[in-house]
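Residue numbers start from 1 in every chain, and the chains themselves are labelled A, B, ... in the order their sequence lines are given, proteins ahead of strands.
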Number of protein chains: 4
Amino acid sequence: MLQKVNEPARKGRPRSEEAHQAILAAALQLVFEDGFRSVSIDAIAAKADVGRATIYRRWPNKAAIVMDAFLQDVGPNISFPSRADATESLRTQMRLLAKAFRGKHGALIKALLGEAQFDPELAEAFRERWIRPRRESAMVTLREAMAKGQLRADIDLDTAIDALYGGIYYRLQIGNAPLSDSYIDSLFQHVVYGLRGPMQSLDSDTALK
Amino acid sequence: MLQKVNEPARKGRPRSEEAHQAILAAALQLVFEDGFRSVSIDAIAAKADVGRATIYRRWPNKAAIVMDAFLQDVGPNISFPSRADATESLRTQMRLLAKAFRGKHGALIKALLGEAQFDPELAEAFRERWIRPRRESAMVTLREAMAKGQLRADIDLDTAIDALYGGIYYRLQIGNAPLSDSYIDSLFQHVVYGLRGPMQSLDSDTALK
Amino acid sequence: MLQKVNEPARKGRPRSEEAHQAILAAALQLVFEDGFRSVSIDAIAAKADVGRATIYRRWPNKAAIVMDAFLQDVGPNISFPSRADATESLRTQMRLLAKAFRGKHGALIKALLGEAQFDPELAEAFRERWIRPRRESAMVTLREAMAKGQLRADIDLDTAIDALYGGIYYRLQIGNAPLSDSYIDSLFQHVVYGLRGPMQSLDSDTALK
Amino acid sequence: MLQKVNEPARKGRPRSEEAHQAILAAALQLVFEDGFRSVSIDAIAAKADVGRATIYRRWPNKAAIVMDAFLQDVGPNISFPSRADATESLRTQMRLLAKAFRGKHGALIKALLGEAQFDPELAEAFRERWIRPRRESAMVTLREAMAKGQLRADIDLDTAIDALYGGIYYRLQIGNAPLSDSYIDSLFQHVVYGLRGPMQSLDSDTALK
DNA sequence: GGCTAAGCGAGACGGTACGTCTAGTCTTGGG
DNA sequence: CCCAAGACTAGACGTACCGTCTCGCTTAGCC
């Protein structure tokens, strides 16, 4: 959690959950409207009808607020349909990520990842709360595919995930070309089949399943 | 160029090249010392013994200065040894990039890429002046490898480069693990051989050459 | 009283006298240490080990607390030795005031009188609880002196007191010179004998008695 | 000067006299409207159409601004009609001061003197720039009266002034009664003739002249 | 003995002013 | 037209208090 800890807290007036949600909602809305950089903590406080101190009591900076707001907004929807075909399931996962990047959350992730380059705590939170759950989900799928013999047994999971997902983040960050589904398919295919052996066409890809 | 254009400019006092270099040097040094975020244009001007207007006359913002300073510092050393073995040459290229990321310029690139998420002009400059030359160099090598039959003939060059390099930038940005040479080798191998076919050991890798 | 009234109040938990005294003591000590301006109600509450509401239940603001604390500290010691010689008694009274002003309470009175310029309620309290008792005491003495023929019969008591005491407060407030006993004597003599008629030396002053 | 010093200052953009005057005017107007305490530096800056830094570059705090604004507003009008009758001249001086205290500047002086109890620099400025010129003017008159034999030759000038003026400031500060001209006359008469010798009526006062 | 009511310490709440900082622009005198 | 210096407006920052408001918990008088 980026949010400052609040142990059981018996004494004193409890923190207002209402204010908490108002802050997150205001932050999210403002960031969607004006962009991360243009939003000030003042503006969030004003929009949430909340004193500035109430914000500083809970988060150390703007990025931490937006991180929390973002994660609450995307929810715990890392669950994704497990299919009979594990590699296909992997491709679906990649497509879903690309879709998220193309949607309203794309700009948010760009901003958070950009900001994380200057803020170790945010970087840590981004890793732990956004990246890791998705990597673990991918790992399960990869292991399944290996068990079924759909993938080689000796691949390194971390490296494989980097190869598959690194390209997606790379495009998001460098922004040279759109993150279309067909691009995702191409990336998936190149990595899965490698650059060396004979390449199947995208259509014959179904042979894999 | 991020730097504001300065046409032939006949009239008036010419711009001081000395000031120009002093600014770049000051910017670089300060960023190395204190980090990109902690450096102000004021500080750069003070360190370079230069008026603030002299800076604004040439660059629109801090990121543009640092970008120029960075590129001047790394120089045009994109040249790298072309070998008989084209894929091996590719791996060497990747290792060199990883080495640069591990060195003093790593933090700089992290910062510039992070900042570029908020600054379209910087993003454009980063793409054109840092990313593109390296991609083109890689493309030459890839094409060579394809011509020699070391790689399949039907791979998409852009996708291939994304797969190979995306993982490196991903690690730089997410920062969950070090960019060691052995990691580069592993990444290289996974992408080149794919996740599906039988995997050669790293030692037998030499068979490729 | 600046303190908020607390009618007989039958029901509920009675107000803690202990807390009351702790607050006054804390306020006084903090003001002595750090000066009136530097003390916050928070600090008083913390030092007195008391909730903030307990303070606000009793006093409307910091000045009111300090006023009460001050008056409790100086006590009801307006009694002063009545002598056979009424004018001499007056001079003694003036010396005692100057002595108080030179002591630890001087800074307190400066602060309270300064603050009273911005707070009508405090001004009223200052007049009623500090100034008036002393003026009335002085009036008694003046009347006595008039009755004995030591002073003219047609002087205006209020004006006379203003002339005698105004200079003392003036020095306290403007602070250009110390409030020494010899200064008090000089002030006393100038006012009593006037600026016009022939002036007796301070030694021959005893002739007055 | 309370205002921060600005030595000859050859280099750089000179400080804007326009901004300076705008700030003083805004400060004065706001203080007249809302009272010293209610005015914030923000509000002054806003009203003067000036950045906050421009204010902080010149004055350390609100009191210093208001002090300067006040003195510029009252101007150097300490000159007052010198009459043949020096003591009468003194009484006129006292009346003029009382009149000023009753006017719009009265509240300002109350506030400044009140604030000066907490701010040694302001106190010093108040003494040097407001009190001293007036004391010196009074001293000249007193000396003249002594030379003409209208006052005793052995009075202490400082004490005499304290007695005459102390009462006026005392009333201003304590605020128990209005500073009417008749009160000033009474105060003047009591101090000049003393509390002891036979008192002339206010009418027969003219005998003095 | 239970009920009601007020007081208690703790600490969160909405506000507001503070003084500092940075950005980007403008205005001097002097090349 | 450039230069260094240093002013300018604008506005975000994080801190400090203020005076009020919940919390859960006493501590009293009254039924």
Side-chain angles (χ1 to χ4, degrees), chain A residues 6 9-16 18-20 37-43 45-46 48-58 60-62, chain B residues 6 9-16 18-19 37-43 45-46 48-62, chain C residues 6 9-16 18-19 38-43 45-46 48-62, chain D residues 6 9-16 18-20 37-46 48-58 60-62:
Chain A
N6 185 16
R10 221 164 315 282
K11 293 200 193 177
R13 178 172 172 176
R15 294 193 176 170
S16 157
E18 195 184 345
H20 195 93
R37 277 288 166 96
S38 305
V39 175
S40 70
I41 296 211
D42 248 28
D49 244 332
V50 138
R52 217 149 10 141
T54 300
I55 293 183
Y56 283 112
R57 211 174 283 122
R58 298 164 191 243
N61 54 50
K62 185 173 54 170
Chain B
N6 185 16
R10 229 162 303 279
K11 288 196 190 179
R13 178 172 171 178
R15 290 192 178 172
S16 155
E18 196 183 345
R37 275 290 167 92
S38 306
V39 175
S40 69
I41 297 223
D42 248 19
D49 243 332
V50 136
R52 224 159 354 161
T54 301
I55 293 182
Y56 282 111
R57 215 174 281 123
R58 298 162 193 243
W59 294 276
N61 54 49
K62 183 173 59 171
Chain C
N6 186 15
R10 231 162 303 280
K11 288 199 189 176
R13 180 172 172 177
R15 292 193 180 170
S16 156
E18 196 184 347
S38 306
V39 174
S40 68
I41 297 222
D42 249 15
D49 244 331
V50 138
R52 230 171 339 179
T54 301
I55 293 183
Y56 282 111
R57 214 173 282 124
R58 298 161 193 244
W59 295 276
N61 55 48
K62 183 173 58 169
Chain D
N6 184 17
R10 224 165 311 283
K11 292 202 196 173
R13 178 173 173 176
R15 292 192 178 171
S16 157
E18 196 184 346
H20 194 93
R37 278 287 168 96
S38 306
V39 174
S40 70
I41 296 212
D42 247 29
I44 296 174
D49 242 331
V50 137
R52 222 160 354 160
T54 300
I55 294 183
Y56 281 112
R57 210 175 284 121
R58 297 163 192 245
N61 54 50
K62 185 173 54 170

Set of residues satisfying side chain to side chain contact (heavy atoms under 4.5 Å, CB included) with respect to D:Ser16, sequence neighbours excluded: D:Glu18, D:Ala19, D:Arg58
Atom CZ of A:Arg15 to atom P of E:dA12: distance rounded to whole Å? 5 Å
Residue set satisfying side chain to side chain contact (heavy atoms under 4.5 Å, CB included) with A:Ser40, at least two apart, ordered chain then number -> A:Asp42, A:Ala43
Specify the separation, in whole Å, of atom CZ of D:Arg37 and atom P of E:dA17. 14 Å
Could you say whether C:Ala45 or A:Ala53 is positioned toward the 5' end of DNA chain E, judged by the nucleotide with the nearest heavy atom to each? C:Ala45
Distances for protein N/O vs nucleotides 1-5 of chain E N/O pairs under 3.5 angstrom?
none

Atom OH of D:Tyr56 to atom P of E:dT22: distance rounded to whole Å? 17 Å
My understanding is that only residues two or more places apart in sequence, or in another chain, count here; which of them pass side-chain hydrogen bond (donor to acceptor under 3.5 Å, both in side chains) with A:Asp49? none
Axis-to-axis angle across the helix from E:dG1-F:dC31 to E:dG31-F:dC1, five pairs an end, to 10 degrees? 20°
Whole Å only: how far is the NZ atom of C:Lys62 from the P atom of F:dG19? 10 Å
Please list, chain by chain and in numerical order, all residues satisfying salt bridge (Lys or Arg N to Asp or Glu O under 4.0 Å) with D:Arg13, sequence neighbours excluded. none
Testing the basics here: between D:Arg52 and D:Ile41, what is the closest heavy-atom pair and its distance to 0.1 Å? CG-CG2, 4.1 Å
Between D:Asp42 (CG) and F:dA16 (P), how many Å, whole number? 19 Å
Distance in angstrom units between D:Ile41 CD1 and F:dG11 C1', rounded: 16 Å
